[in-house]
Amino acid sequence: MLAFRIALRYIFSKKSTNAINVIARVSMLGMGVGAFALIVVLSVFNGFEGLVLSLYNSFYPDIEIRAAQGKTFEDNATLSGKIVGLDGVEYLSRTLEENAYLEYGGQAQLATVKGVDDRYNDVTTVKQYVRDGQFILHDTGYHYAVAGANIGYSMNMDVATFAEPLRITVPRKGVKTAFAPEDAFNTMAALPAGMFAIQQEFDSKYVFVDLGFARELLGEENQVSAYEIKLKDGTDLLKAKAMIAAAVGKEFTVKTRYEQRAETYRVMQIERWVTTAILGFIILIISFNIIGSLSMLVIEKTRDISILKAMGADPKLITQVYLYNGMLSSIIGALTGLALGYTILFLQLKFHLLKLSGGGGSSFVIDYYPVQLKLMDPVITLAIIVSISLLASYFPARRAGQSAMSFK
């Protein structure tokens, strides 16, 4: 294409006015820096998003079933058997949770006690995040507790020697008034066996105990808070949810893992797009250099425009020349920025060059900035830059076309 070839020649040719060269190089550099920043930030967002999702996925089941009304419902063997028999359902775990008051070694704290059955570790991967001790909740004659790391460390729990029990207190069910405080509460003790570290939201909130222990503590003989379900690999999540919802009826709510933390996932997406919009706005400001360099180029190449017009070029062709010039300089800068960005990202993936402050020794699971490369990120980056450069190049290119119309 003639217009493309002329535009390409203009990009690499030396201009008579040095200021045009400087502005043109600055605009190209600006687009490169913008592309570099955008691809790096998007990849870091992807990394943190993937990390957070993996941590949430370790705690939340594929599917959760709760009562539509009330905090608990009666454990029904017929219903649970029906659910397990559905296509795609692999495991079902019964859980019962309640807020409680904890006492250990003179320390006290509020937490959520979650009673789980023996299938819980088949449904979630919490067991893999035990930092100290082990995930054991009962054996012959003893009950154990596994606490979040923040709870355990703040209460100085000893999970190695079982020297002191963890006392757990909850309000007694059905008691509205009591003459003595002890009559209004149930208190039971469990030996601290381990501490898990997933992320602060869980580490500061939950203590796991055996389901039987939780039922005795709460006075709930056959109640559960939820059925938590693990699906077989490759099962369609939404189809499985629809099947389960049809099986349990309207008395229950059925939520996928993402629906259980819908707000968290929504906030992550909003943060990602807001950041992209801010960087896109910065690139838009940088694009004013394109307007300046092209406007000066049109003035410098007035003689060339007249020659092209004399050789038969119409205003449309001349407009295209300058439009391509602006877009090509932006794309070259963007591709350079993308190449540099991906080089840095690959080095970070391989060598973990940039460390997180407070990582390693803290309760966070990694000590470096996570990055994740997605196919759509460079496409989005190039689309933003091409769109902005097209807009910025249009007005100087249109002016060049109008200049051609004035020549006879």
Discussion item. Walk me through whether Leu102 and Ile168 qualify under side-chain contact (heavy atoms from CB on, under 4.5 Å).
Written reply: CA-CA 5 Å; Leu102 309 179; Ile168 306 173; 3.9 Å; yes
Please answer whether the main-chain N or O of [Y] pairs with a side-chain N or O of [X] as donor and acceptor at a distance below 3.5 Å.
X: Arg119; Y: Leu92; value: no
X: Asn222; Y: Asp75; value: yes
X: Asn46; Y: Leu42; value: yes
X: Glu220; Y: Ser225; value: no
X: Glu164; Y: Gly105; value: yes

Other residues, nucleotides and ligands only: do more than 12 of their heavy atoms fall within 6.0 Å of [atom1] on [X]?
X: Arg257; atom1: CZ; result: yes
X: Glu201; atom1: CD; result: yes
X: Lys239; atom1: NZ; result: no
X: Tyr265; atom1: OH; result: yes
X: Asp139; atom1: CG; result: yes

Are the aromatic rings of [X] and [Y] close, with centres under 6.0 Å apart?
X: Phe208; Y: Phe135; answer: yes
X: Tyr142; Y: Phe162; answer: no
X: Tyr101; Y: Phe185; answer: no

Rounded distance [0.5 Å steps], [atom1] in [X] versus [atom2] in [Y]:
X: Asp117; Y: Leu96; atom1: CG; atom2: CG; result: 11.0 Å
X: Phe288; Y: Ile388; atom1: CZ; atom2: CD1; result: 10.0 Å
X: Asn325; Y: Ser389; atom1: CG; atom2: OG; result: 11.0 Å
X: Phe36; Y: Leu340; atom1: CZ; atom2: CG; result: 5.0 Å
X: Leu353; Y: Gln348; atom1: CG; atom2: CD; result: 5.5 Å
X: Thr235; Y: Asp62; atom1: OG1; atom2: CG; result: 8.5 Å

Any side-chain heavy atom of [X] within less than 4.5 Å of one from [Y]?
X: Phe395; Y: Ile291; answer: no
X: Ser93; Y: Asp122; answer: no
X: His138; Y: Phe213; answer: no
X: Val116; Y: Leu211; answer: no
X: Met188; Y: Val209; answer: no
X: Leu356; Y: Asp367; answer: no
X: Thr276; Y: Ile384; answer: yes
X: Met327; Y: Val386; answer: yes

Discussion item. Name the residue from Ser329, Ser393, Ser27, Pro396 that meets the side chain to side chain contact (heavy atoms under 4.5 Å, CB included) definition with Ser293.
Written reply: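 With Ser293 as partner, Ser329, Ser393, Ser27, Pro396 yield a single side chain to side chain contact (heavy atoms under 4.5 Å, CB included), made by Ser27.
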Taking all atoms of both residues into account, what is the closest heavy-atom pair of [X] and [Y], and its distance?
X: Leu86; Y: Ala247; result: CD1-CB, 4.0 Å
X: Gly133; Y: Val130; result: O-CG1, 3.7 Å
X: Gln223; Y: Thr72; result: NE2-OG1, 3.1 Å
X: Gly401; Y: Ile318; result: N-CG2, 4.4 Å
X: Lys241; Y: Val254; result: CE-O, 3.2 Å
X: Gly326; Y: Ile290; result: CA-CG2, 4.2 Å

Worksheet item: Leu391 and Ser287: side-chain contact (heavy atoms from CB on, under 4.5 Å), yes or no, with the steps?
Response: CA-CA 9 Å; Leu391 180 66; Ser287 71; over 6 Å; no
Worksheet entry | Option passing salt bridge (Lys or Arg N to Asp or Glu O under 4.0 Å) with Glu228 (candidates Lys255, Lys114, Arg94) |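 Passing option: Lys114.
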Taking NZ, NE, NH1 and NH2 as the nitrogens, is one of them in [X] or [Y] under 4.0 Å from a carboxylate oxygen of the other?
X: Lys230; Y: Glu90; result: yes
X: Arg272; Y: Asp377; result: yes
X: Asp203; Y: Arg131; result: no
X: Glu97; Y: Arg66; result: yes

Which of parallel (below 30°), tilted (30 to 60°) and perpendicular (above 60°) describes [X] and [Y]?
X: Phe202; Y: Tyr56; result: perpendicular
X: Phe252; Y: Phe73; result: perpendicular
X: Phe59; Y: Tyr206; result: tilted

Item to complete: List the steps, then state whether side chain to side chain donor-acceptor pair (under 3.5 Å) holds for Asn156 with Tyr104.
Response: CA-CA 8 Å; Asn156 297 317; Tyr104 182 88; over 6 Å; no
Fill in: Worked verdict on Val248 versus Tyr227 for side-chain contact (heavy atoms from CB on, under 4.5 Å)
CA-CA 11 Å; Val248 301; Tyr227 286 151; over 6 Å; no
Worksheet entry | Asp132 vs Tyr153, side chain to side chain donor-acceptor pair (under 3.5 Å): CA-CA, chis, key distance, verdict | CA-CA 10 Å; Asp132 295 315; Tyr153 294 148; 2.8 Å; yes
Practice prompt. Would you check, one step at a time, whether the test side-chain contact (heavy atoms from CB on, under 4.5 Å) holds for Leu373 with Leu349?
Written response: CA-CA 10 Å; Leu373 309 179; Leu349 275 172; 4.1 Å; yes
